[in-house]
Amino acid sequence: EAQLVESGGGSVQTGGSLRLSCTGSGFAFDDSAIGWFRQAPGKEREWLSCIGLHNGQSYTHDSVKDRLTITSNDAKDTVYLQIDRLKPDDTAVYYCAAHPLLSLCIKGGGRDGMYYWGKGTLVTVSS
């Protein structure tokens, strides 16, 4: 069974940083495109960033690219999302998801959506 697990969320103050982690099992995680998404209370889920683990290429939404960095470890078994200069508007549940293609990852998986989703990790930013 395919599974994605996020970790690293928590409560932080404005201006702080967090590093979220995403690990996967039950599918070819290291040959996938892994994306980070978030959903704030009362808002739609939004795409943040994707990385293609087969070549390391990544894309990040323009609105957050100055504060968010997506990376993976050398073993390609974990994908990280570094979030700096956190703001209250960053309060959300953060999800990682997988898709075979980076080109569709950045579109939320396209028509068929992302193949696998984690259950999310909550980030709360206080002012």
Side-chain angles (χ1 to χ4, degrees):
E1 179 185 1
Q3 187 176 20
L4 287 168
V5 179
E6 305 93 340
S7 61
S11 297
V12 296
Q13 292 188 327
T14 295
S17 297
L18 281 175
R19 189 175 77 161
L20 309 182
S21 299
C22 172
T23 60
S25 61
F27 68 102
F29 184 90
D30 60 354
D31 198 32
S32 298
I34 304 299
W36 283 98
F37 302 76
R38 70 183 178 187
Q39 187 165 20
K43 295 185 177 180
E44 293 187 353
R45 186 170 59 205
E46 62 175 330
W47 170 71
L48 298 173
S49 189
C50 285
I51 186 168
L53 291 179
H54 57 289
N55 65 2
Q57 190 173 8
S58 66
Y59 295 93
T60 301
H61 197 286
D62 284 345
S63 66
V64 294
K65 66 190 306 180
D66 62 329
R67 300 189 298 115
L68 270 63
T69 306
I70 191 169
T71 58
S72 66
N73 63 355
D74 290 343
K76 298 184 180 180
D77 60 7
T78 305
V79 171
Y80 304 102
L81 185 70
Q82 177 74 30
I83 313 173
D84 297 318
R85 302 192 301 281
L86 280 154
K87 304 181 290 187
D89 284 350
D90 293 319
T91 294
V93 178
Y94 285 71
Y95 300 90
C96 67
H99 195 283
L101 300 176
L102 180 60
S103 59
L104 289 182
C105 179
I106 64 176
K107 298 177 182 179
R111 182 184 61 186
D112 296 329
M114 300 296 285
Y115 278 29
Y116 309 114
W117 287 90
K119 295 181 179 180
T121 186
L122 177 63
V123 172
T124 303
V125 185
S126 58
S127 57

Separation between CG of Leu104 and OH of Tyr115, rounded to the nearest 0.5 Å | 8.0 Å
Drop me the distance from Leu81's CG to Leu68's CG, to the nearest 0.5 angstrom.
-> 4.5 Å
Where [X] and [Y] come nearest, the two heavy atoms and their spacing:
| X | Y | value |
| --- | --- | --- |
| Ser72 | Leu53 | CB-CD2, 3.4 Å |
| Asn55 | Gln57 | OD1-N, 3.0 Å |
| Val79 | Ile70 | CG1-CG1, 3.8 Å |
| His99 | Leu101 | ND1-N, 3.0 Å |

Those residues that, when tested against Asp31, pass side chain to side chain donor-acceptor pair (under 3.5 Å) (two or more places apart) | none
Excluding sequence neighbours, so at least two apart, what forms ring-ring contact (aromatic ring centres under 6.0 Å, His included) with Tyr116?
-> Phe27
Go through the structure and list residues passing ring-ring contact (aromatic ring centres under 6.0 Å, His included) with Tyr95, not counting sequence neighbours.
-> none
Determine, using the 4.5 Å side-chain heavy-atom cutoff (strictly less than), whether Leu122 and Trp117 are members of one ILVMFWY cluster.
-> yes
Are Ile51 and Met114 connected in a single hydrophobic cluster, I mean Ile/Leu/Val/Met/Phe/Trp/Tyr linked by side-chain heavy atoms less than 4.5 Å apart?
-> no
Identify all side-chain donor-acceptor contacts of residues 32-50 below 3.5 Å with residues at least two apart in sequence or on another chain.
{"unit_1": "Ser32", "atom_1": "OG", "unit_2": "Ala28", "atom_2": "O", "d": "2.7"}
{"unit_1": "Arg38", "atom_1": "NE", "unit_2": "Glu46", "atom_2": "OE2", "d": "2.6"}
{"unit_1": "Arg38", "atom_1": "NH1", "unit_2": "Asp90", "atom_2": "OD1", "d": "2.8"}
{"unit_1": "Arg38", "atom_1": "NH1", "unit_2": "Tyr94", "atom_2": "OH", "d": "2.9"}
{"unit_1": "Arg38", "atom_1": "NH2", "unit_2": "Glu46", "atom_2": "OE2", "d": "3.2"}
{"unit_1": "Gln39", "atom_1": "NE2", "unit_2": "Lys43", "atom_2": "O", "d": "3.0"}
{"unit_1": "Trp47", "atom_1": "NE1", "unit_2": "Ser49", "atom_2": "O", "d": "3.4"}
{"unit_1": "Ser49", "atom_1": "OG", "unit_2": "Tyr59", "atom_2": "O", "d": "2.9"}
{"unit_1": "Ser49", "atom_1": "OG", "unit_2": "Thr60", "atom_2": "OG1", "d": "2.8"}

For residues 6-24, run the donor-acceptor check on the side chains, cut-off 3.5 Å, and write out each pair with its distance to 0.1 Å, sequence neighbours left out.
{"unit_1": "Glu6", "atom_1": "OE1", "unit_2": "Lys119", "atom_2": "N", "d": "3.2"}
{"unit_1": "Glu6", "atom_1": "OE1", "unit_2": "Gly120", "atom_2": "N", "d": "2.8"}
{"unit_1": "Glu6", "atom_1": "OE2", "unit_2": "Cys96", "atom_2": "N", "d": "2.9"}
{"unit_1": "Glu6", "atom_1": "OE2", "unit_2": "Gly120", "atom_2": "N", "d": "3.2"}
{"unit_1": "Thr14", "atom_1": "OG1", "unit_2": "Ser126", "atom_2": "O", "d": "2.9"}
{"unit_1": "Ser17", "atom_1": "OG", "unit_2": "Asp84", "atom_2": "OD1", "d": "2.9"}

In the hydrophobic clustering that connects Ile, Leu, Val, Met, Phe, Trp and Tyr at side-chain heavy-atom distances below 4.5 Å, which members other than Tyr80 occupy its cluster, ordered by chain and number?
-> none
Counting N and O atoms only, with roles assigned by atom type, does the side chain of Asn73 sit under 3.5 Å from a partner on the main chain of Thr78, one being a donor and the other an acceptor?
-> yes
